[in-house]
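Worksheet for the structure shown next.
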Amino acid sequence: DAMVIQNPRYQVTQFGKPVTLSCSQTLNHNVMYWYQQKSSQAPKLLFHYYDKDFNNEADTPDNFQSRRPNTSFCFLDIRSPGLGDAAMYLCATTRGAELFFGSGTQLSVL
Amino acid sequence: QQPVQSPQAVILREGEDAVINCSSSKALYSVHWYRQKHGEAPVFLMILLKGGEQKGHDKISASFNEKKQQSSLYLTASQLSYSGTYFCGTELYGNKLVFGAGTILRVKS
């Protein structure tokens with residue numbers, strides 16, 4: 001079955017300690033997205049890829065980087081996490097007209 | 001740029017109906033509706049494209065008024081499973097969605 005898989009489901013990091021979140025998809029689609037969702041807020045787009053063409057949203061902090069080594073995998077790197085970066089991070093691709101999300105990684109920053 | 005949703009929250013009893021509205025100040029290519037349960041990812045409900053069509057999905061339907069740049073989600077005879085946060089997402093160009101702030105729906109027995 002077509003899937004978007006995010007690991008880990010829960011991630012705890014320390015203030016300032018780099019962290020990497022991963023995402024893989026079996027749909028073999030060339031579009032991938034990273035959204036940040038803080039508690040009780042809407043998902044907010046951080047980046048998206050069309051194939052290897054990387055698109056950074058204007059208000060995405062420099063602290064956030066992304067890598068996409070191939071069609072199936074995508075990574076979100078947070079170089080120096082702050083307390084304000086605690087959130088659910090959602091990876092998504094498209095399935096027809098639908099934005100199909102992974103189950104997310106809940107990031108806590110201590 | 002973010003679409004405006006109303007109401008912010010609604011509480012229903014099972015069997016009651018609800019309407020959730022979504023409006024944009026920009027011309028829209030499409031409107032998406034998603035439902036998110038607590039601690040889970042948003043799940044796609046439906047998409048409405050330019051043309052004012054109305055779509056249905058079981059007892060959940062939606063309309064899109066392109067001229068007014070508005071969409072409404074209709075939930076009829078609500079069930080407990082309808083509880084969650086509903087987001088509309090508006091597409092300005094390409095596949096980039098911008099989500100509204102969400103409407104919390106709680107259905108009580």
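We name chains A, B, ... by the order of the sequence lines, and we start the count at 1 in each one. The figures here come from the full heavy-atom set of this structure, side chains too, leaving out hydrogens, waters and symmetry mates.
Hydrophobic clustering (ILVMFWY, side-chain heavy atoms < 4.5 Å, transitive): A:Phe15 and A:Leu107 are in one cluster. A:Leu76 and A:Leu45 are not part of a single hydrophobic cluster, where members link through side-chain heavy atoms under 4.5 Å apart. Under the 4.5 Å side-chain heavy-atom criterion for ILVMFWY residues, no single connected hydrophobic cluster contains both A:Phe101 and A:Trp34. Hydrophobic cluster membership differs between A:Met88 and A:Tyr10, with clusters built from Ile, Leu, Val, Met, Phe, Trp and Tyr side chains linked at under 4.5 angstrom.
Between A:Ala42 and B:Gly100 the shortest heavy-atom distance is CB-O, 2.9 Å.
Heavy atoms closer than 4.5 Å to chain B are found in both the backbone and the side chain of A:Glu98. For chain B, no part of A:Gln6 is nearby; none of its heavy atoms comes within less than 4.5 Å.
Sorted by first and then second residue, the pairs that involve residues 55-104 of chain A and meet disulfide bond (SG atoms under 2.5 Å apart), not counting sequence neighbours, are A:Cys23-A:Cys91.
The interface of residues 3-13 of chain B with chain A, defined by heavy-atom distances below 4.5 Å, is empty.
B:Phe99 meets the ring pair (Phe, Tyr, Trp, His ring centres under 6.0 Å) test with A:Tyr35, B:Tyr34; sequence neighbours excluded.
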Report, one line per pair, each donor and acceptor closer than 3.5 Å where one atom sits in a side chain of residues 36-47 of chain B; sequence neighbours left out.
unit_1, atom_1, unit_2, atom_2, d
B:Gln36, OE1, A:Gln37, NE2, 2.8
B:Gln36, NE2, A:Gln37, OE1, 2.8
B:Gln36, NE2, B:Glu40, O, 2.8
B:Lys37, NZ, B:Ser81, O, 2.4
B:Lys37, NZ, B:Ser83, O, 3.1

